[in-house]
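Residues: numbered from 1 along the sequence shown.
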Amino acid sequence: MINEYNIIMNTLYYGDNLDILRRYIKDESVDLIYLDPPFNSNATYNVLFAQKDGTQSSAQIQAFEDTWQWDENAVRTYEEEVEKGGPVADALRAFHLLLGGSNMMAYLTMMAPRLMELRRVLKPTGSLYLHCDPTASHYLKILLDMVFGAENYRNEIIWKRTGSHGGAKRWGSIHDTILFYTRTGNYTWNKIFQDYDQSYVENYYRFSDERGKYQLVSLTGPGVSSGDSGKPWKNVDPSKVGRHWAIPLNALKKIIPEDEIVRLSTQDKLEILDAAGLIYWPPKGSIPRQKRYLDEGEGVQIQDIINDINPISSQAKERLGYPTQKPLALLERIIQASSNPGDVVLDPFCGCGTAVVAAQKLGRQWIGIDITHLAISLVKHRLEDAFGDSLQFQVIGEPTTLEEAASLAAQDKYQFQWWALGLVGARPAEGKKGADRGIDGRLYFHDDNTRKTKQVILSVKGGHVTVSMIRDLLGVVERENAQIGVFITLEEPTRPMRAEAAKAGFYHSEVWNRDYPRIQILTIAELLEGKGIDMPPMRQVSQTFKRAKKENPNAGEQMGLIEG
């Protein structure tokens, strides 16, 4: 049931995408859907920042360890979907017979109603790309066949996501699968070309002259013609070998206007091509051929094996620290192929927002949905860094009042922490389970010419607060050799807490010749009103998040990202 909320594009939604789709997204309102739904949430989904040793955030594990498990909620959802009947219900029953009460069954049960909603919101001319790994792709393909109809399956696209991968007693796993479906047979499709592979150039463009590399292409087609295309030209008669002249019109259009071409005979067209140096004359007795130069080719039309878009390496400037982050070029290719400028692109599992950024860059409208405030915060920062203040978008589902913040804190303390840290642009701290050591978040800055990274330690509290917590924060600041500590609280701090913070003194910045309170207390109410941390200006060198370079909207190529 869609509510009466006026849909404004360029919107980030916080929440469960099934609920968001049902409440906010109208029937047949979206042109293109890209989704990368998690299969094993404990290993990938919602883990934005892993430890250096590969361990996960204790907060994220505690918050999401029950996601997509075959539990009471999964059973209830399964029963609800089966009771609806139809092809999807039949598929779920078959899956249950094969898989039983497994995590894979829970995953497919979760995906079924979401895929049904995604089909509902897709326009008749729309397309859906589902990105997954081979662990679940075969089950998802069956499910998509039931939702969209097997006749609307278009491609299984293989993306080579890594160069090599050592595996014990099996072939190296180096690819992801992208399943491409459309709502109907009448769908948006734009021809996209990619550069020729170097081996292709070496094999086919084997000749060269002062104009560059070229290949030889036939100037004739099979069959004899009674028209002028079958008549001799310069004593060469193609009909003697059962063929006729086939003029390369694309090459001719680059020489003379198209409206003139229709008035010319085949022989006149050949004369023009010859005069332009585009015809190769072989030894006597052979039919001449066209010289097709490398720089005149459009390239190769995109294929269902993508091996020319590299994954994001650990050192790549584009990398933002999100382990499942996909290359911007991959999303740009999908968006260019299956949508037009002004169309609406939807990513219901938007993560770090690559699809959203690509859509904005290419002049599309967009909708992003994610279930964590951590992801929403990261996407907001990425958009603001990439496109600046000129980009207008809204966020729905985040607390905007003190009462809503209190409700979030009561519901989920980790979501509350991530949301509160997002208000000041801080990165959540990572720590082993039960050992966060009093640090909920960090900010980094430089304020001298030594390139030494300095830091702000943040502690977030959504419940009762006491003066001992301020003393604890000061101890953490000293232990970590940090410059500033910030205590963010939902409750109003007590007078002893204020006094304890004041006793901590100041951090002096030589560059800015300013003193900054070493321990600061900020309330959620103050943050909602726009107050921020009193600290040296980051001057675009904060290492809190990797900072996205300004993007050029409507540019077809990625401009790259830089570390902040």
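No side-chain heavy atom of N155 sits under 4.5 Å from any side-chain heavy atom of L179. Side-chain contact between I367 and V344: present, with at least one pair of heavy atoms (C-beta onward) separated by less than 4.5 Å. Taking 4.5 Å as the limit, every side-chain heavy atom of I33 sits out of range of all side-chain heavy atoms of Y129. Using a 4.5 Å heavy-atom threshold, the side chains of K326 and W159 count as touching. Side-chain contact between F393 and L383: present, with at least one pair of heavy atoms (C-beta onward) separated by less than 4.5 Å. Contact of the P37 side chain with the L130 side chain is registered, since non-hydrogen atoms from C-beta on lie closer than 4.5 Å. With a 4.5 Å cut-off on side-chain heavy atoms, T177 and D133 do not count as touching. Counting only heavy atoms from C-beta outward, the side chains of I157 and I306 approach each other to under 4.5 Å.
A side-chain donor-acceptor contact under 3.5 Å links R382 and T354. Side chains of N186 and T184: no donor on one and acceptor on the other come within 3.5 Å. Using a 3.5 Å distance cut-off with no hydrogens or angles, the side chains of T220 and H244 do not pair a donor with an acceptor. Counted by atom type alone, D228 and T266 present one or more donor-acceptor pairs between their side chains at under 3.5 Å. If you check the side chains of D274 and W281, you find a donor sitting under 3.5 Å from an acceptor. With hydrogens and angles left out, the side-chain atoms of D209 and Y293 include a donor and acceptor closer than 3.5 Å. Using a 3.5 Å distance cut-off with no hydrogens or angles, the side chains of N10 and W366 do pair a donor with an acceptor.
To the nearest 0.5 Å, atom SG of residue C352 and atom CG of residue L374 are 11.0 Å apart. The structure places CG of L252 at 4.0 Å from CD1 of I261, a figure rounded to the nearest 0.5 Å. From L362, atom CG reaches atom CG of N340 across 11.5 Å, with rounding to the nearest 0.5 Å. With rounding to the nearest 0.5 Å, the separation of OH in Y34 from NE2 in H131 is 4.5 Å. A distance of 4.5 Å separates CD1 of I376 from SG of C350, quoted to the nearest 0.5 Å. For the atom pair I158 CD1 and D304 CG, the distance stands at 7.5 Å (nearest 0.5 Å).
Side-chain N or O atoms of R161 include none that pairs as donor or acceptor with a backbone N or O of P311 at under 3.5 Å. No donor-acceptor pair closer than 3.5 Å links the side chain of R292 to the backbone N or O of V217. With hydrogens and angles ignored, the 3.5 Å screen pairs no side-chain donor or acceptor of D343 with any backbone N or O of S339. No side-chain donor-acceptor contact under 3.5 Å links D31 to the backbone of G126.
Applying the side chain to side chain donor-acceptor pair (under 3.5 Å) test to every pair with at least one member in residues 136-148, sequence neighbours left out, gives these pairs: D145-Y181.
Atom CD of E258 sits in a sparse spot, with 12 or fewer heavy atoms from other residues, nucleotides or ligands closer than 6.0 Å. In D268, the CG atom is crowded: over 12 heavy atoms of neighbouring residues, nucleotides or ligands sit closer than 6.0 Å. Shown here is K123, whose NZ atom has more than 12 heavy atoms of other residues, nucleotides or ligands within 6.0 Å. In this structure, M146 places its CE atom where more than 12 heavy-atom neighbours from other residues, nucleotides or ligands lie under 6.0 Å away. Heavy-atom neighbours of L391 CG from other residues, nucleotides or ligands within 6.0 Å: above the threshold of 12.
Using a 30° and 60° split on the angle between ring planes, Y187 and W189 fall in the perpendicular class, above 60°.
For the pair D27 and R119, the salt-bridge criterion is not met [side-chain N within less than 4.0 Å of a carboxylate O]. No salt bridge links R114 with E117; every basic N to acidic carboxylate O contact stays at or beyond 4.0 Å. For R120 and E28, the salt-bridge test fails: no basic side-chain N is under 4.0 Å from an acidic carboxylate O. With respect to the salt-bridge test (charged N to carboxylate O, under 4.0 angstrom), the residues D90 and R93 qualify.
Judged as a salt bridge (Lys or Arg N to Asp or Glu O under 4.0 Å), and not counting sequence neighbours, the contacts of E271 are K234. Residues satisfying the salt bridge (Lys or Arg N to Asp or Glu O under 4.0 Å) test with E151, not counting sequence neighbours, are none.
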Any chance you could lay out the salt bridge (Lys or Arg N to Asp or Glu O under 4.0 Å) test for K380 and D385, step after step, and finish with the verdict? CA-CA 9 Å; K380 286 164 58 179; D385 290 342; over 6 Å; no

Going through the distances and angles, do F148 and Y153 end up as a ring pair (Phe, Tyr, Trp, His ring centres under 6.0 Å)? CA-CA 8 Å; F148 285 87; Y153 163 72; over 10 Å; no

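Nearest heavy atoms, P288 versus P282: CA-CD, 3.7 Å.
A centroid separation of 6.0 Å or more is found between the aromatic rings of Y214 and Y205.
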